[in-house]
Amino acid sequence: MSFTSLSKLKAQLDNGETTAKELATRYLDRIAAHNDELNAFVDIDPAHVLEQAEASDAYRSKHEARALEGLPIAVKDIFCTQDGPTQCCSNILKDFHAPYDAHVITRLKEAGAVLVGKTNMDEFAMGSSTETSAFGPCRNPWDTDRIPGGSSGGSAAAVAAALTPAALGTDTGGSIRQPASVCGITGLKPTYGRVSRRGIIAFASSLDQAGPMTRTVRDAAMITAAIAGHDPMDSTSVMNAPQVDWLGACDKTNMKGLKIGKPKEYFVDGMDIEVRTCIEKALEKCKELGAEIVDISLPHTESAVAAYYVIAPSEASANLSRYDAVRFGHRCDEPEDLLDMYTRSRDEGFGAEVKRRILTGAFALSSGYYDAYYIKAQQVRTLIRKDFLDAFEKVDVIATPTSPIAAFRIGEKTDDPLTMYLSDIFTIAVNLAGLPGLSQPCGFAHDLPVGLQWITPAWCEDRLLSAASAYETATDWSNKTPATFGGNTGGAK
Ligand code: GLN
């Protein structure tokens with residue numbers, strides 16, 4: 001019952017089988033029962049959730065229901081919300097209350113959604129495991145000794161364990177798709193510019209994009225339809241972006257005539273053999289559905305991680321300079337002078353990974369190194385983008401693994417930032433090129449979920465949704481849910 005998709009819950013609400021209040025109560029009960037084990041939510045205000053649900057039921061009784069009327073949706077702690085704290089899981093923003101709602105939050109409210117709370121994440125979205133959160137690590141519902149991925153790990157774990165039917169995440173280098181992959185759910189990163197970034201705490205402004213984390217492809221489409229669109233207050237949200245038929249795209253049940261590119265650089269030695277097998281089998285299934293698999297090359301893939309870890313920290317070092325203890329957040333006790341206040345407040349407020357990024361970024365941008373690092377990384381970015389443009393001359397979509405490995409153990413990579421950075425090897429190029437990407441469940445490796453990633457040209461999310469819907473309909477992977485949390489599969493733990 002709790003593992004029901006958003007679209008089925010919508011049907012139940014529409015035909016009067018349930019109410020927004022009943023749904024809110026059901027998921028609040030599950031949060032109360034399981035959040036201690038998972039640490040997926042970092043802020044919950046049950047009374048306020050019930051208030052929103054009652055208001056939605058009242059709205060429904062007087063008007064026609066809106067697109068997400070009465071549906072519970074959790075949001076990552078990176079989204080500014082007027083209600084409750086917005087802390088980006090950082091001590092520097094401890095108890096910060098945003099003066100306004102992020103554009104996507106306004107959109108969800110306007111669509112009638114019930115916001116169920118803030119989910120755990122890596123501090124400032126910097127990480128792949130949700131271990132750098134100031135609120136402590138989040139856990140994977142498939143095995144609570146393992147990471148749920150990151151940085152939107154709280155959103156992924158909450159959906160996977162049915163503490164909420166859906167959630168919002170953000171993706172700068174893979175933070176929606178990678179946690180979706182390792183938690184066995186669906187995650188969509190829209191084209192850069194499709195969704196407004198206003199009110200989303202900035203990490204790397206040329207890469208950040210918000211998107212849904214859900215049980216099914218159609219659920220992801222429902223949420224994206226609600227949050228996408230131009231926002232005059234965000235100059236990077238695109239005016240007159242090509243429209244797509246979000247829900248219509250999900251009706252596809254075959255892949256007749258679809259050309260799927262299989263990039264050789266994404267099937268490399270070193271990736272987990274069981275992960276590889278899942279992806280190979282998924283591609284076989286696509287063939288059965290009528291697709292043609294075409295071998296392609298994205299030759300600059302191997303430089304993507306390096307370019308990203310110059311560009312993203314450079315932008316972060318600029319974005320995070322605003323946390324100066326004057327305008328926002330934590331201020332140290334009894335500063336001796338202005339400089340002492342800045343340095344000590346920032347030293348106390350930021351965690352180790354965030355400091356590492358600020359230092360790397362400030363170094364890459366400093367005079368003397370700017371050309372060697374920042375400019376070079378931007379040139380590589382252009383080449384990566386061109387790789388994709390060339391590939392899409394030959395194929396309609398690209399399919400890859402989302403992550404080279406399944407969920408690793410908590411603590412396993414915390415002392416080695418480089419191997420942690422390599423978890424994003426298959427997701428990062430998509431952000432550098434500004435493209436949409438979707439991860440969906442496609443099997444298990446070592447009893448842990450594996451994700452299949454779809455990539456299309458910019459603004460072609462409909463193609464992404466159609467391919468993923470056809471695959472989802474032909475297989476049963478999206479219906480697998482972790483037994484330990486009342487689901488139907490496994491018992492890895
Ligand atoms: N794991 C990547 C990083 O640490 C991506 C994070 C993200 O997409 N927010 O930068």
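When a ligand or atom number is given, it counts from 1 through the structure's own listing order. Only heavy atoms go into these numbers, but all of them, side chains included; no hydrogens, no water, no symmetry mates.
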Backbone, side chain, both or neither: what part of [X] comes under 4.0 angstrom of ligand 1, heavy atoms only?
{"X": "Tyr309", "result": "side chain"}
{"X": "Glu353", "result": "neither"}
{"X": "Asp424", "result": "side chain"}

Quiz item: Would a distance-only check, ignoring hydrogens and angles, find a side-chain to backbone donor-acceptor pair under 3.5 Å from Asp219 to Ser7?
Solution: yes
Quiz item: Any donor and acceptor pair, going by atom type alone, linking the side chain of Ser439 with main-chain N or O of Gln453 inside 3.5 Å?
Solution: no
Quiz prompt | Nearest option to atom 9 (N) of ligand 1, as decided by whichever heavy atom of Ser175, Ser129, Gly174 sits closest | solution = Ser175
Exercise. Establish, for the pair Lys413 and Phe408, whether the NZ or CZ atom is under 6.0 angstrom from the six-membered ring centre and no further than 45 degrees off its axis.
Key: yes
Quiz item: Side chains of Ser5 and Arg218: is there a donor and an acceptor less than 3.5 Å apart?
Solution: no
Go through ligand 1 atom by atom and flag the ones less than 4.0 Å from a non-hydrogen atom of [X].
{"X": "Met126", "answer": "4 (O)"}
{"X": "Ser151", "answer": "9 (N)"}
{"X": "Ala125", "answer": "6 (C), 7 (C), 9 (N)"}
{"X": "Gly173", "answer": "5 (C), 7 (C), 8 (O)"}
{"X": "Gly127", "answer": "1 (N), 2 (C), 3 (C), 4 (O), 6 (C)"}
{"X": "Phe203", "answer": "9 (N), 10 (O)"}

Exercise. Drop me the distance from Ser175's OG to Lys76's NZ, to the nearest 0.5 angstrom.
Key: 4.5 Å
Quiz item: Would you call the rings of Phe203 and Tyr308 parallel, tilted or perpendicular if under 30° counts as parallel and over 60° as perpendicular?
Solution: perpendicular
Quiz item: Should the ring pair Phe363 and Tyr373 be called parallel, tilted or perpendicular, given that the plane angle runs from 0 to 90° and is split at 30 and 60?
Solution: tilted
Quiz item: Which residue holds the protein heavy atom closest to atom 10 (O) of ligand 1, what is that atom called, and what is the gap in Å?
Solution: Tyr308 OH, 2.6 Å
Practice problem: Would you check whether Arg357 has a nitrogen or oxygen atom less than 3.5 angstrom from a nitrogen or oxygen atom of ligand 1? | Solution: yes
Practice problem: Determine whether any heavy atom of Tyr421 lies closer than 4.0 Å to an atom of ligand 1. | Solution: no
Practice problem: Say whether Gln178 and ligand 1 are in contact under the criterion: heavy-atom distance to a ligand atom below 4.0 Å. | Solution: no
Quiz item: So, for Phe124 and Tyr323, is the gap between ring centers shorter than 6.0 Å?
Solution: yes
Quiz prompt | Heavy-atom side-chain contact between Val244 and Trp459 under 4.5 Å | solution = no
